[in-house]
Protein chains: 2
Amino acid sequence: MTPSQDIDALKASFADFLKRKKYRSTQERFLVLDRIAELDRHFSADELYIHMNSRGDRISRATIYSTLDLLTQCSILMKHRFHGESATFELSSRMPNHDHLICVECGRILEFREEGIDSIRDAVCSQLGFRPVTHSLQIFATCHDPLTCEYNKQD
Amino acid sequence: MTPSQDIDALKASFADFLKRKKYRSTQERFLVLDRIAELDRHFSADELYIHMNSRGDRISRATIYSTLDLLTQCSILMKHRFHGESATFELSSRMPNHDHLICVECGRILEFREEGIDSIRDAVCSQLGFRPVTHSLQIFATCHDPLTCEYNKQD
DNA sequence: GTCTTTGCAAAAACTTTGCATGCGG
DNA sequence: CCGCATGCAAAGTTTTTGCAAAGAC
């Protein structure tokens, strides 16, 4: 999905951010970015930690958390907080400008694109005197067919 | 802000939900709803626990968490997960259909209303075969004037 | 060489669970 | 009175922090 050629662009962008903020360019920070590109899906900090260590990288949770925070600061990563879960991350470039629909019955997460949201975001920001960085729209909904949902206590 | 006459409507709606789901109508559950209406703002589970106990109510965290979950299930409460924070709740009726803009520099949270979001939500749901329950739009942005933001490491 | 970053483990923050007691139906 | 709900404390999760050692500049 993400063409591998994009990874170099992400690394360049990350390197630029680190330099601007006077943070150091360490091997671990770029290794984390590599492995995230490899995963190419939603993931939690701990899932990434397990992925990397089972793959042979020796890296600590502290470094993972710290690097995820840096990557989120510079918008390479998008950080989501869906209900009841630990934080979920994904590459912003993986599927630009998409949002999420969460089934409140079974917890499924669907991705969708809706062009109109960007203009709403920009309008709100200019009205309140802010410069938009990013957004996260979460729609909570139930299946029309309750049989496909597992945890419906009512039926 | 929330007229106190609304509290009875909320209680009736909660009672109805409990009956439908065959949950018991306990004093604690309605007391929690009373105190939430009293707060009339965003709050975390622990803030409510402290509010109630410093007010003289003797209630446990377990009951708070359990009741907040019930109140969220029946849409009386809205549960938000902003970045890096514990879950934040608020009465849905407090300011219907509003969303949040979060300043990524200083963490301020502003509330706003934007009518267009509802139609986007409904369109997405009908397209994907879901029935909308609620939504949460979080816009992350920076102040135009960086001086009003505190944590900007760059300057 | 200096000073940030890392790894490790311990701690903190937040939430859930187990069990005995209490109260709603 | 039966059985779910509560209170308490303990355990579970997720994330952060302190400190010594390693690595970036």
Side-chain angles (χ1 to χ4, degrees), chain A residues 11 14-35 42-73 77 79-89 107 151 153, chain B residues 11 14-35 42-53 55-74 77 79-89 107 151 153:
Chain A
K11 284 186 181 175
F14 192 30
D16 181 58
F17 167 80
L18 293 174
K19 180 169 283 181
R20 271 194 298 116
K21 293 281 195 173
K22 298 204 174 69
Y23 294 132
R24 293 188 175 171
S25 289
T26 67
Q27 301 174 6
E28 287 82 358
R29 285 173 177 170
F30 289 96
L31 185 62
V32 165
L33 184 47
D34 262 328
R35 298 302 184 242
H42 290 163
F43 63 92
S44 69
D46 209 56
E47 279 167 5
L48 181 61
Y49 172 77
I50 291 168
H51 172 73
M52 292 187 70
N53 279 280
S54 67
R55 213 182 162 298
D57 307 325
R58 289 186 64 271
I59 192 155
S60 70
R61 280 194 174 80
T63 304
I64 299 260
Y65 276 100
S66 138
T67 306
L68 290 178
D69 186 50
L70 293 171
L71 287 166
T72 302
Q73 272 182 49
L77 278 189
K79 179 178 181 175
H80 302 285
R81 303 271 277 168
F82 302 124
H83 283 186
E85 293 181 356
S86 52
T88 300
F89 299 84
Y151 302 114
K153 184 160 182 174
Chain B
K11 283 185 181 175
F14 192 30
D16 181 59
F17 167 80
L18 293 173
K19 180 168 282 181
R20 271 194 298 116
K21 293 280 195 173
K22 298 203 174 69
Y23 295 131
R24 292 191 175 169
S25 289
T26 66
Q27 302 175 4
E28 287 84 357
R29 285 172 177 172
F30 289 97
L31 184 63
V32 166
L33 184 47
D34 262 328
R35 298 302 184 243
H42 290 165
F43 62 92
S44 68
D46 210 57
E47 278 167 6
L48 181 61
Y49 172 76
I50 292 168
H51 172 73
M52 292 187 70
N53 279 282
R55 213 181 161 300
D57 308 324
R58 288 185 64 273
I59 192 156
S60 70
R61 281 194 173 79
T63 304
I64 298 260
Y65 277 100
S66 139
T67 306
L68 290 178
D69 186 49
L70 294 172
L71 286 166
T72 302
Q73 270 182 50
C74 63
L77 278 189
K79 179 178 182 175
H80 302 286
R81 303 270 277 169
F82 301 125
H83 283 187
E85 292 180 358
S86 52
T88 300
F89 299 83
Y151 301 116
K153 185 160 180 172

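These numbers come from the heavy atoms of this one structure, side chains and all, not from hydrogens, waters or symmetry mates. Residue numbers begin at 1 in each chain, while the letters A, B, ... track the order of the sequences.
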Quick one: is dT6(D) close enough that its OP1 or OP2 comes under 4.0 Å of any side-chain N or O from R61(B)? no

The residue, A87(A) or S60(B), whose nearest nucleotide of DNA chain D is more 5′ is S60(B)

Interface limits on DNA chain C, where chain A has a heavy atom under 4.0 Å of a nucleotide atom: dC3(C) to dC8(C)

Derivation and outcome, side-chain contact (heavy atoms from CB on, under 4.5 Å), residues L71(B) and F89(B): CA-CA 10 Å; L71(B) 286 166; F89(B) 299 83; over 6 Å; no

First of I59(A) and D46(B) reached from the 5' end of DNA chain C, by closest nucleotide: I59(A)

Hey, does the side chain of D57(B) reach the backbone of L31(B) with a donor-acceptor pair shorter than 3.5 angstrom? no

How about F14(A) and R29(A): do any of their side-chain heavy atoms sit closer than 4.5 Å? yes

For residues S60(A) and T63(A), is any side-chain donor paired with an opposing acceptor at under 3.5 Å? yes

What is the distance from CZ of F14(B) to P of dA5(D), rounded to the nearest Å? 11 Å

Between P on dT13(D) and CZ on R81(A), what's the gap in Å once rounded to a whole number? 17 Å

To the nearest angstrom, how far is I50(A) atom CD1 from dT13(D) atom P? 12 Å

Assess whether side-chain contact (heavy atoms from CB on, under 4.5 Å) is satisfied between M52(A) and V32(A), documenting all intermediate values. CA-CA 8 Å; M52(A) 292 187 70; V32(A) 165; 4.1 Å; yes

Nucleotide-resolved protein contact map, nucleotides 20-25 of chain D, B/S/- at heavy-atom distance under 4.0 Å: ---BBS

Taking the basic N atoms (NZ, or NE/NH1/NH2) and the acidic carboxylate oxygens, is any pair closer than 4.0 Å for D69(B) and K79(B)? no

At their closest point, which heavy atom of R81(B) faces which heavy atom of S86(B), and how far apart are they? NH1-C, 4.4 Å

Residue set satisfying side chain to side chain donor-acceptor pair (under 3.5 Å) with R58(B), at least two apart, ordered chain then number -> none

Send over the distance from L70(B) CG to dT6(D) P, rounded to a whole Å. 8 Å

